[in-house]
Amino acid sequence: MSVRTRIAPSPTGAPHLGTAYVGLINRVFADARGGAFVVRIEDTDQARSSRASEVAILEALRWLGISWDEGPDVGGPHGAYRQSERLDIYHRHADDLINTGAAFRCFCTPERLAEVRRAQISARETPRYDGRCLDLSQDEIDARLAAGEKSVVRLKVPEEGICSFEDQLRGEIQVPWMQVDMQVLMKSDGFPTYHMAACIDDHLMGISHLIRGEEWLSSVPKQQLLVNAFDWQMPRLVHLPLIRNPDGSKLSKRRNPTSIDYYRRIGILPEALLNYLGTLGWSMPDERDIFSLDEMRSAFDLARIKTSAPVFDPVKLRNFNGRYVRALDSEAFVARYAAWLSESDALARIAALVQERTEAFEDIARQVDYLVGSRATLNPEDFDNPRLETDRQLEILAFVSWSFEGLERWQRDEIHACCKTMCDALEMKFRDFLWPLFLAISGRPVSLPLFDSMAVIGRDVTLMRCRDAIECLGGISKKREKSLRKVFEAMGPFNRHSVQ
RNA sequence: GUCCCCUUCGUCUAGUGGCCUAGGACUCUGGGUUUUCAUCCCAGCAACAGGGGUUCGAGUCCCCUAGGGGACGCCA
C-alpha cells in the first residue's frame, strides 16, 4: 500500500504554526516512505471561511518550504481539493447512511438542543444528543421535509459497548460508546461537518496515514462508525502532541503570536522556523538540533515522535534563527536581508511617507526605525496623558485589536475607517483616541502617519505591538476582558467597512 | 462534571531493564577572546511528579495517587 498523507487546514484565519507543524511531519513522513502529501482545504464553515485565508495559508506553507503533491492550486487525480466543491459527494454518502440506517434525520432546533445541553450540564451529565428524532416514522419525516422544516443528518451511535482503535504512537485506546455523541453529519445549510467530510475525503483521496493533532483523538470513534458504515478501511492513526503556550494550554494567540506570517515579518528565516518546529516532539537519532528539511526527511522515523506536548519557546526560536543567520555567507546575508526589507513593497511605501519629511538623508533613519525594525521598548510612564486615563487607553487598545482581527483587507483606508468609526462610537476626539496607538506602533507619541505605518508593518506585527502595549500598561484581567468584550460587541461591528 | 491522552533540568529533548555518578540544546551565572557590544570558546546552576509493586537490577515494565492537557458545537 502506498503511503499518502494530508493536512486539511480550514481557511478561517491567519496561517497557524500548528498547521505548519502538522504539515511538516506529514510531508517528511510521506517523503521518508516514498509517498505523496496532499493539502485539502476544509471550507465547510460558510460563515468563517474565506478565500483570502486559504491563499495566505498556502503562501505561508510555500514560504516555509513545505511543498505538496496534490492540492487546490496544483490539482491532482483526487480533486476537488476544496470541500465546498465536493458537496454532491457528501450528499450521496449522507443518503447512503440514512438508507442503511447508520444515520438519521433530526429536526431539533438549536434552541432546544441548547436547552437540553444546559439541563444535562446542571445534572452533571455528559452533554450529548438526547435521541428525540431517533425513531421518527418515515411518514413524519417526509411530511416535515415537505413542509420545508430545517433538518440535519445525525450519526447513530451504539448505546453500549466499547469502541477500540489503535494509535500508532499510543497503542490501543478504548472509549465507551456511551461517551460518544450522535454527531451532526450534514448541517441544515446543506454543508457537511468536519467529521463527515474529512472521513469521506480521506477515503476517496486514498489517505493511508492520518497524522494530525491530538485534539482529534476523541473523535476517532465517530470516524470509525462512519468508516464501518461505508465498509471502508480505517487509515493508520497518528496523533501528534499539541504545541502549547508557556502556561501549558493549547497554543493560542492570546499568549503567543501563532501566525506564521508574524515570524516572517519579524525576519525569522523559514528554514530556521522549520528546523525549530522539527525539534518539537521529535529529535534526530544523533541528537543534532540543527538540521535541514532534507536531513529530517532522510532520518525521519515515526517512532521517534514523543506523545507529550511541547511548549513553544520564542526565545529558542530566535537562537536557532541567529545560528542560521550567522551561517549565511555575506553575499547571501545581504540578499536575504534586502529581500526581507523590500517584501510586499515596503520600501517604496516607506519612501512615500518619508520623502516630504526629509531635508537630508540623515533624517530618514530615525523616522523609519520602527518600520524596518522593532520599535522601542515602552515604559508605563510613556503613556501618561492628562486627558486620557490608563483604563481608557487599555480599552482603546483592546477594542482596536479585536476589530483589526476581523478586518477584511489590511490597507490604510480600511484601518482608518475602522478606527474612526470606533472613535466616534466612543465619543472621543480622534487625536486623543490615537494617542495609545501611536505609542503602541511606533514607540513614541509622534511618528509617521499611523495607518500607513500599520499597513507597512502588517496586521500580525500591529496586533503584537498592541498586545505588548496592553501588557506594558498592566494588562487586562480575564474578568475585565469579558466585560469589555460585551461592551465591544454591543457597540457593533467596526470592521465591516467597504472603502473604495 | 464525564471520557481520553500525557508526566526526565525553568523550556526543548537523549534515554526502549545494567553503558545513568542521568547526556545535549535554549535560558541564566561566572570566566576567556574582542577598542565596546554581539559572536566564539571554557566552566557552572538545574530534572527522572509521589507512592506501591515486578526484577539480581527500573528513568526505562505494571498498578494507584496527584498534576497538566484535550474532547464533550448545525467550528474545524
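Every chain is numbered from 1 and lettered A, B, ... according to where its sequence line falls, protein lines coming before strand lines.
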Which base sits across from B:U21 as a Watson-Crick or G-U pair, both distances under 3.5 Å?
->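 Paired with B:U21, as far as the under-3.5 Å criterion goes, is no nucleotide at all.
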
Complement of B:U2, any strand, by Watson-Crick or G-U distances under 3.5 angstrom =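 B:U2 is paired, partner B:A71.
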
Do the charged groups of [X] and [Y] touch, with an N to O distance under 4.0 Å?
X	Y	result
A:D286	A:R288	yes
A:R297	A:D31	yes
A:R444	A:D369	yes
A:D468	A:R375	yes
A:E54	A:R51	yes

Go through [options] for me and flag the one nearest to the [X] side chain.
X	options	value
A:P176	B:A76, B:U39, B:C3	B:C3
A:D289	B:G24, B:G70, B:A25	B:A25
A:I173	B:G70, B:C4, B:A25	B:C4
A:V315	B:C74, B:C12, B:C26	B:C26
A:E287	B:C4, B:G23, B:C74	B:G23
A:R170	B:C5, B:U11, B:A76	B:C5
A:S283	B:C3, B:U13, B:C74	B:U13
A:T44	B:U13, B:A76, B:G70	B:A76
A:K306	B:U8, B:C3, B:U39	B:U8
A:V175	B:U2, B:A14, B:C4	B:C4

Taking atom OH of A:Y263 and atom CZ of A:R318, what is their separation to the nearest 0.5 Å?
->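 It is 10.5 Å, given to the nearest 0.5 Å.
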
Can you check the distance between [N] and [M], where both ends of the measurement are the [atom1] atom (answer in whole Å)?
N	M	atom1	answer
B:C41	B:G50	P	35 Å
B:A25	B:C64	P	39 Å
B:C6	B:C63	P	12 Å
B:C26	B:U36	P	24 Å
B:G44	B:C37	C1'	24 Å
B:C4	B:A46	C1'	33 Å

Quick one: label [X] by what it contacts on the DNA or RNA (base, sugar-phosphate, nothing), any heavy atom closer than 4.0 Å.
X	value
A:R48	base
A:R244	sugar-phosphate
A:K250	sugar-phosphate
A:R212	nothing
A:C108	base
A:P310	sugar-phosphate
A:T307	sugar-phosphate

Establish whether the base of B:C3 is bridged to the side chain of A:T126 by a donor-acceptor pair shorter than 3.5 Å.
->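 Answer no: no donor N or O sits under 3.5 Å from an acceptor.
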
Is A:Q183 side chain donor-acceptor paired with the B:G73 base, going by distance under 3.5 Å alone?
->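 For A:Q183, whose side chain was compared with the base of B:G73, there is no donor-acceptor pair (under 3.5 Å).
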
Write down the distance between CE (A:M284) and P (B:A14), rounded to a whole number of angstrom.
->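 It is 13 Å, rounded to the nearest whole Å.
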
Does the side chain of A:K316 come within less than 4.5 Å of A:V311's, by heavy atoms?
->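 No, side chains not in contact.
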
Can you check whether A:N319 has a side-chain N or O nearer than 4.0 Å to OP1 or OP2 of B:A25?
->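 Answer no for this pair, as no side-chain N or O of A:N319 is under 4.0 Å from OP1 or OP2.
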
